[in-house]
Protein chains: 2
Amino acid sequence: MTSVDPSVIADVPLFAGLSRAEHEDMLRDAKAIRVAKGRPVFAQGEAAHSFFVLVHGHLRVMKLTPDGQQVVVRFVVPGEIFGVACAIGCKAYPATATAVIDSVVLVWPSAVWPELIARWPALASRAMHAIGGRLQEAHTRVVEMSTRQVEQRVAHALLRLVQQAGRKLDKGVEIAFPITRQDVAEMTGTTLHTVSRILSAWEERGLVEGGRQRIVVREPHQLFILAESSPGASS
Amino acid sequence: MTSVDPSVIADVPLFAGLSRAEHEDMLRDAKAIRVAKGRPVFAQGEAAHSFFVLVHGHLRVMKLTPDGQQVVVRFVVPGEIFGVACAIGCKAYPATATAVIDSVVLVWPSAVWPELIARWPALASRAMHAIGGRLQEAHTRVVEMSTRQVEQRVAHALLRLVQQAGRKLDKGVEIAFPITRQDVAEMTGTTLHTVSRILSAWEERGLVEGGRQRIVVREPHQLFILAESSPGASS
DNA sequence: GACCCGATTTGATCCATGACAAAGACTCTG
DNA sequence: CAGAGTCTTTGTCATGGATCAAATCGGGTC
């Protein structure tokens, strides 16, 4: 468990440019753990003792409101660092991360973070870059939620998923992990009913292909046009 | 212009714990500039050559959508660092920051950031902490936009404003800078009409007191209850 | 194959809130 | 004080989506 093959982080952008020896050094404090589909890596409210890098699999990060509604904050794809915004400062994880397929994550104790960045200052700026990117994404999402209507939000969400986790098929691009209408609804602030109706309409127009926990985007460009068009522009 | 009184940053949390000599050192690369009410500090899309700390005043940060709608991302209060998420990595500012009252900001060239954090590593983790807090706030807002209806969102927004920029009055707490119904609408993803109606209703119940570009919260606790109550809970 | 369970589809209805319109109210200026 | 410009209030109407309800589908299990 404790000894980790350094090659697993060879293509983590966060650690790019470090030598193999340095990789080994970083992994000294890390553990690799397997997380079965559906199981949480950490839960909202739990003490934030660790930060993580996803090696294999896909995670869904979601927040739970006081009255029990869920919102999907994002999906984590391999190579990403997560649970780190809190490593410095917050006591508890602000969200829950669960595996949508069997996954492998590297775990470091939060306590080693200062030591790691002391040894590799580039790590700090890369982490900051990652967090900055997420901040922008979050702001973009706020703007979208404020100004776009449901169909456009769903279009954007799908395009983002395709970009982050698209698997090329001859028919189009498939989202590489199981995803339900409910998930999409929780990403876009609507209901699974509305998402279902929208996808059905798109399917009729040949833009996407549906399925159980499965979405294939056939015409990303058409979807993009749909996402960008101003609310009143459709005839 | 170039020489800045070190005392101005004495109570910037980002620089807390540094000696006066260190303050002077940091300010060597900085300029202080005055920004008149209504003028921009930087504009969305502009090359991000600088990062900033607000010394006096208040700024509104907003994003403009392709079709011309505005969304208020946040208000900057004195002591906060801003425009830094981009200092590392983005070329252009992702939003526009304008002064809502006459303000004073410190300006550093983005290029000195690596040098500054090399000299004071604590700066990196504090900045990261600040960005992390903003990320959480943004996520909270996404959750709110997804799950709460307008009245609750407006309640939350007001409470946040009161917390960040509240000025204690004997009648209640006043938001310390001029703010329009339109501003609140752009913070909560609704229209100024709806905000006006909501504030009128609250005013009738004695929860707030309105005015031109002015909002006084009389009963923060009542507002809080309103903000938290689940959608269907009101009789 | 029969059954079960979660995911999806589709219909019908209702309502919060956006859109449009118009009339005050306040502030500043000359 | 008149006039202009900006904010704010309030009314009416239209509608995008939420909600409620129910059928159907697809996959896995015994």
Side-chain angles (χ1 to χ4, degrees), chain A residues 37-38 60 65 67-71 100 144-155 157 175 177-205 208-216 226 229-235, chain B residues 37-38 60 65 67-71 100-101 144-155 157 175 177-204 208-216 226 229-235:
Chain A
K37 176 176 176 171
R60 179 178 51 207
T65 67
D67 58 314
Q69 296 180 76
Q70 290 186 352
V71 175
V100 291
E144 239 179 70
M145 295 287 307
S146 302
T147 63
R148 301 294 165 171
Q149 36 197 84
V150 174
E151 187 173 29
Q152 302 182 299
R153 300 206 301 268
V154 173
I175 290 160
F177 51 83
I179 184 166
T180 65
R181 307 292 181 262
Q182 176 74 39
D183 288 328
V184 177
E186 286 174 8
M187 297 177 70
T188 52
T190 182
T191 62
L192 80 166
H193 306 275
T194 298
V195 171
S196 177
R197 279 181 238 272
I198 288 172
L199 290 185
S200 295
W202 287 350
E203 198 155 2
E204 254 169 42
R205 295 169 55 184
V208 302
E209 197 180 307
R212 188 192 171 80
Q213 304 199 132
R214 186 155 168 285
I215 300 174
V216 181
L226 231 168
S229 69
S230 54
S234 72
S235 66
Chain B
K37 176 176 177 171
R60 179 179 51 205
T65 67
D67 58 313
Q69 297 181 74
Q70 290 186 352
V71 175
V100 291
I101 56 176
E144 239 178 70
M145 295 288 306
S146 302
T147 64
R148 302 294 164 169
Q149 37 197 88
V150 175
E151 187 172 29
Q152 302 182 297
R153 300 206 302 267
V154 174
I175 291 161
F177 51 84
I179 184 167
T180 66
R181 306 293 182 260
Q182 176 75 39
D183 287 328
V184 177
E186 285 174 8
M187 296 177 70
T188 52
T190 182
T191 63
L192 80 165
H193 307 275
T194 298
V195 171
S196 178
R197 279 181 237 271
I198 287 171
L199 291 184
S200 295
W202 287 350
E203 197 154 5
E204 254 169 42
V208 302
E209 197 180 307
R212 188 193 171 78
Q213 304 199 138
R214 186 157 167 282
I215 300 174
V216 181
L226 231 168
S229 68
S230 54
S234 71
S235 67

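Quick note on labels: first sequence line is chain A, next is B, and so on, each numbered from 1. Bear in mind that the values here come from a model prediction, so they are computed numbers and not experimental data. Worth knowing before you read on, the calculation uses all heavy atoms, side chains too, and leaves out hydrogens, waters and symmetry mates.
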Inset, instruction - Give one of base, sugar-phosphate or nothing for Gly211(B), where a contact means two heavy atoms less than 4.0 Å apart. - result: sugar-phosphate
In whole angstrom, give the distance that lies between atom [atom1] of [X] and atom [atom2] of [N].
{"X": "Gln69(A)", "N": "dA18(D)", "atom1": "CD", "atom2": "P", "value": "11 Å"}
{"X": "Gln182(B)", "N": "dC7(D)", "atom1": "CD", "atom2": "C1'", "value": "10 Å"}
{"X": "Met145(A)", "N": "dG16(D)", "atom1": "CE", "atom2": "P", "value": "18 Å"}

[X] and [Y]: which non-hydrogen atoms are nearest, and at how many Å?
{"X": "Ala157(B)", "Y": "Met187(B)", "result": "CB-CE, 4.4 Å"}
{"X": "Gly189(B)", "Y": "Met145(B)", "result": "CA-CE, 4.2 Å"}
{"X": "Leu226(B)", "Y": "Glu151(B)", "result": "CD2-CD, 3.7 Å"}
{"X": "Thr147(A)", "Y": "Val71(B)", "result": "CG2-CG2, 3.6 Å"}

Side chains of [X] and [Y], heavy atoms from C-beta outward: is any pair under 4.5 Å?
{"X": "Val184(A)", "Y": "Ile179(A)", "answer": "yes"}
{"X": "Leu199(B)", "Y": "Ile215(B)", "answer": "yes"}
{"X": "Gln213(A)", "Y": "Asp183(A)", "answer": "no"}
{"X": "Lys37(A)", "Y": "Val100(A)", "answer": "no"}
{"X": "Ile198(B)", "Y": "Val195(B)", "answer": "no"}

Legend entry - Span of DNA chain C, from the first to the last nucleotide whose atoms fall under 4.0 Å of chain B heavy atoms: dA16(C) to dT27(C)
Legend entry - Residues within residues 183-195 of chain A bordering DNA chain D, heavy-atom distance below 4.0 Å: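 Those residues are Gly189(A), Thr190(A), Thr191(A), His193(A), Thr194(A).
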Legend entry - Close residues, residues 196-205 of chain A, relative to DNA chain D [heavy-atom separation under 4.0 Å]: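 Listed by number, they are Arg197(A).
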Inset, instruction - Hey, could you give me the OG/CD distance between Ser196(B) and Gln182(B), rounded to the nearest 0.5 Å? - result: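 Reported value, rounded in 0.5 Å steps: 11.5 Å.
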Inset, instruction - Any chance you could measure Arg181(A), atom CZ, to His193(A), atom NE2, to the nearest 0.5 Å? - result: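 So the gap between those two atoms works out to 13.0 Å.
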Inset, instruction - Report the residues that fulfil salt bridge (charged side-chain N to carboxylate O under 4.0 Å, His left out) with Arg212(A), sequence neighbours left out, ordered by chain and then residue number. - result: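 Testing Arg212(A) for salt bridge (charged side-chain N to carboxylate O under 4.0 Å, His left out), a comparison that skips the adjacent residues, returns none.
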Legend entry - Contacts of type side-chain contact (heavy atoms from CB on, under 4.5 Å), residue Glu144(A), not counting sequence neighbours: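 Per chain and number, Glu144(A) pairs via side-chain contact (heavy atoms from CB on, under 4.5 Å) with Thr140(A), Arg148(A), Arg153(A), His156(A), Arg160(A).
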Produce the list of close N/O pairs, under 3.5 Å, pairing protein atoms with atoms of nucleotides 23-30 of chain D; give distances to one decimal.
none

